[in-house]
Novice: 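Can you keep this structure in mind? I'll have questions shortly.
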Protein chains: 2
Amino acid sequence: MKLSTPLPRRPTIHDVARESGVSVATVSYALNRPERISEGQRLRVLETVAALGYQPNRLAQGLRRGQSRLVGISVPHLTNAYFAELVNCIESVAGRDGYEVLQVLHHHRPTVERLRVAALLDHRVSGLLMVPSEHPTATLDLAAAAMVPTVVLDRPLPDARFDQVTFDNRAAMTELARHLLGLGHRHIAFAVSHPGLVTTRQRIEALGRLAADGARVTLLRQDATEAAYRARLAAALAGKAGATAVIASNTQVGLWTLRGLQAMGVDVPADVSLLVFDHPDWADIVRPRLSVVDTPAAAMAEAAWTMLCARMAGETGPARTVELRASVRFAESSGAVRGS
Amino acid sequence: MKLSTPLPRRPTIHDVARESGVSVATVSYALNRPERISEGQRLRVLETVAALGYQPNRLAQGLRRGQSRLVGISVPHLTNAYFAELVNCIESVAGRDGYEVLQVLHHHRPTVERLRVAALLDHRVSGLLMVPSEHPTATLDLAAAAMVPTVVLDRPLPDARFDQVTFDNRAAMTELARHLLGLGHRHIAFAVSHPGLVTTRQRIEALGRLAADGARVTLLRQDATEAAYRARLAAALAGKAGATAVIASNTQVGLWTLRGLQAMGVDVPADVSLLVFDHPDWADIVRPRLSVVDTPAAAMAEAAWTMLCARMAGETGPARTVELRASVRFAESSGAVRGS
DNA sequence: CTGAAAGCGCTTACAG
DNA sequence: CTGAAAGCGCTTACAG
């Protein structure tokens with residue numbers, strides 16, 4: 001087909017209408033309500049659309065329809081493979097369903113989280129997925145006030161306003177603890193980066209029940225620098241009563257711990273056992289191979305998306321919580337305590 | 001301040017105007033052109049804004065202003081730490097400058113890339129950052145036709161339409177090659193996942209110059225399955241004339257290679273040296289420690305953002321290419337060839 | 001089946 | 001300094 005003149009700007013629905021010799025309403029119907037229009041008109045319009053390379057302006061559509069087809073996702077950062085995988089999975093399913101992903105990072109800082117999620121809301125996201133920071137209340141209030149369908153990921157919150165998807169941290173930790181008890185360990189260090197996090201507290205709680213079995217637990221806080229952390233780690237392991245096993249709360253703490261143990265010349269697992277939450281891709285290429293808690297990132301993303309879609313489609317009713325199971329995989333890094 | 005009535009929906013500029021007893025123009029000026037308005041009016045409007053929790057609708061602003069303050073970023077996926085770090089850095093600088101990041105993943109598939117980037121364009125992104133697939137032409141044409149400022153990341157393209165940010169792959173590979181030659185290696189295998197990629201071809205080219213020094217190069221293609229790749233790897237290393245060194249083109253190929261070598265009982269570096277492009281965080285906790293090419297992801301993201309901002313601010317002129325340097329870090333995994 | 005017109009929530013020349 | 005009004009690019013009751 002011949003065009004009257006090439007446009008120096010992106011074509012609008014008016015351009016299509018003019019070229020096709022119909023009204024803008026007819027163009028809109030041809031694209032969105034094929035049944036409301038005659039076959040001939042529809043074909044002619046579609047031809048013009050193709051010829052001009054017309055693509056509806058989503059900003060205008062969003063404004064008019066009152067929904068942007070954008071979903072927001074807020075996570076701490078992407079240098080953690082676990083969060084990266086969550087976002088990765090969400091992008092795939094979102095794209096499949098015709099949504100785009102607006103992504104913000106809060107770096108564990110509540111203030112950043114609030115500001116960035118507010119920006120998401122300003123863009124009128126149709127839905128919101130968030131792995132909350134340690135103090136997400138202000139952010140959550142924002143989401144609630146905006147009445148945007150929201151699903152909280154990974155970290156269960158005592159907040160009945162939101163759907164949540166998590167995995168059973170207590171069960172995973174209990175499995176690790178039983179394993180270590182059975183291997184004769186009576187003093188376990190738990191290395192954490194965010195002590196105040198719900199999931200951390202759940203893990204500590206599960207670990208705490210060990211006390212009843214005569215075991216001791218030391219909480220090892222990850223410091224700002226690797227050197228400072230290493231000193232703490234050394235202290236926790238020192239002496240006759242030192243910890244004989246370390247459980248790391250995530251990949252990065254696990255990495256620092258392993259590097260520290262190597263630097264100190266500690267033999268894993270002969271001297272100290274090491275177990276790690278998350279599933280670093282290097283778990284089975286280090287020696288000894290690492291015992292890990294394989295978090296169900298893909299399944300969680302899938303579940304969260306399903307719930308979010310239901311809400312975006314208008315589903316009402318009380319908030320639901322989905323709790324998946326992580327699978328623990330024991331390898332060589334966790335062994336019997338020396339002399340047991 | 002007292003409100004006439006709580007709204008069952010998000011407040012608009014009209015609500016603020018009504019509550020403040022001024023026109024919508026005045027509200028808009030109070031927010032965007034403080035100098036065009038009297039102090040008293042401005043204060044009153046701001047008070048109402050705070051009381052109502054009014055936040056301008058970015059969809060409407062974008063439509064009216066003709067720019068969304070959204071930037072699109074298209075990368076292969078996030079399970080590669082290098083791409084994840086690029087996105088991570090971009091999100092930080094974008095957020096700082098008041099932009100939000102719309103992210104799509106193309107999984108190395110040109111068709112997916114085209115579709116997803118088209119979606120980005122439909123949302124009228126103000127700028128576009130892309131790590132292209134192997135065959136990005138259709139996608140690039142789309143970006144060019146949309147006249148959206150675009151910066152190509154990581155993979156330099158013979159396309160004068162776009163600004164580009166990359167690092168010197170030839171130099172990095174040359175450094176690896178010289179190192180290996182110096183250690184006596186005369187047969188080097190290069191393991192790649194995407195042979196057709198520009199960066200891969202540049203690396204191959206640099207490696208090819210070794211031939212002049214009497215060295216041989218074998219291209220090792222990463223298969224769909226790890227088992228198939230392992231068989232290929234074994235074949236490349238077999239026999240008297242087998243390769244004595246493997247250079248892996250990225251972290252994942254490096255991981256498969258290392259796992260393969262371990263499974264075959266090959267001693268690194270006594271039997272075979274291993275060097276890896278990218279900087280896996282596990283490089284120094286495996287034994288032997290890995291020799292790596294540390295790609296300047298953060299610096300690249302920074303440079304790309306600067307260029308994109310300049311273009312979004314209206315800068316014209318021919319496309320520029322920024323080429324950074326990667327730093328090679330040799331460790332224990334690359335050693336002298338046996339018997340040399 | 002088709003089109004003129006209103007309106008989504010903003011911004012901005014323009015007039016007063 | 002302030003406000004009425006047009007218009008960004010769409011969708012959708014409504015009338016014909």
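Chain letters run A, B, ... following the sequence lines, proteins first, then strands; residues in each count from 1.
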Novice: Go nucleotide by nucleotide along DNA chain D from the 5' end; which of V24(B) and A60(B) gets its closest nucleotide reached first?
Specialist: V24(B)
Novice: Table please: side-chain donor-acceptor pairs of residues 147-156 of chain A below 3.5 Å, with sequence neighbours left out.
Specialist:
residue: T150(A); atom: OG1; partner: V148(A); partner atom: O; Å: 2.8
residue: D154(A); atom: OD1; partner: Y82(A); partner atom: OH; Å: 2.6
residue: R155(A); atom: NH1; partner: P132(A); partner atom: O; Å: 2.6

Novice: Under 4.0 Å from a heavy atom of chain B: give me the 5'-most and 3'-most nucleotides of DNA chain C that qualify.
Specialist: dG9(C) to dC14(C)
Novice: Mind checking what makes side chain to side chain contact (heavy atoms under 4.5 Å, CB included) contact with P34(B), not counting sequence neighbours?
Specialist: R42(B)
Novice: Just to be sure I understand the rule, does R33(B) reach a base, reach only the sugar-phosphate, or reach nothing, if contact means heavy atoms closer than 4.0 Å?
Specialist: sugar-phosphate
Novice: What does S28(A) touch in the nucleic acid at a heavy-atom separation under 4.0 angstrom: a base, only the sugar-phosphate, or nothing?
Specialist: base
Novice: Name the nucleic acid region contacted by I37(B), choosing base, sugar-phosphate or nothing; use a 4.0 angstrom heavy-atom cut-off, strictly under.
Specialist: sugar-phosphate
Novice: What would the secondary structure line of DNA chain C be in dot-bracket form, counting Watson-Crick and G-U wobble pairs under 3.5 Å, with [ ] for pairs that cross earlier ones and | for pairs with another strand?
Specialist: |||.||||||||.|||
Novice: According to the ring pair (Phe, Tyr, Trp, His ring centres under 6.0 Å) rule, which pairs have a member within residues 30-79 of chain B, sequence neighbours left out?
Specialist: H77(B)-F83(B), H77(B)-H108(B)
Novice: What residue pairs, at least two apart or across chains, pass salt bridge (Lys or Arg N to Asp or Glu O under 4.0 Å) with a residue in residues 305-315 of chain B?
Specialist: D163(B)-R311(B), R311(B)-E315(B), E315(B)-R320(B)
Novice: Just grab all the ring pair (Phe, Tyr, Trp, His ring centres under 6.0 Å) pairs involving residues 298-319 of chain B, residues at least two apart or on different chains.
Specialist: Y99(B)-W305(B)
Novice: Can you name the residues that form a side chain to side chain contact (heavy atoms under 4.5 Å, CB included) with V104(A), not counting sequence neighbours?
Specialist: S74(A), R116(A), L120(A), E91(B), E100(B)
Novice: Pick out which of H106(B), H107(B), E113(B) makes a side-chain hydrogen bond (donor to acceptor under 3.5 Å, both in side chains) with S133(B).
Specialist: E113(B)
Novice: How would you list all residue pairs meeting salt bridge (Lys or Arg N to Asp or Glu O under 4.0 Å) that involve residues 122-150 of chain B, not counting sequence neighbours?
Specialist: D141(B)-R161(B)
Novice: By nearest heavy atom, map L63(B) and V22(B) onto DNA chain D; which one lands nearer the 5' end?
Specialist: V22(B)
Novice: Which is more 5' along DNA chain C, the nucleotide nearest Y29(B) or the one nearest R36(A)? Just name the residue.
Specialist: R36(A)
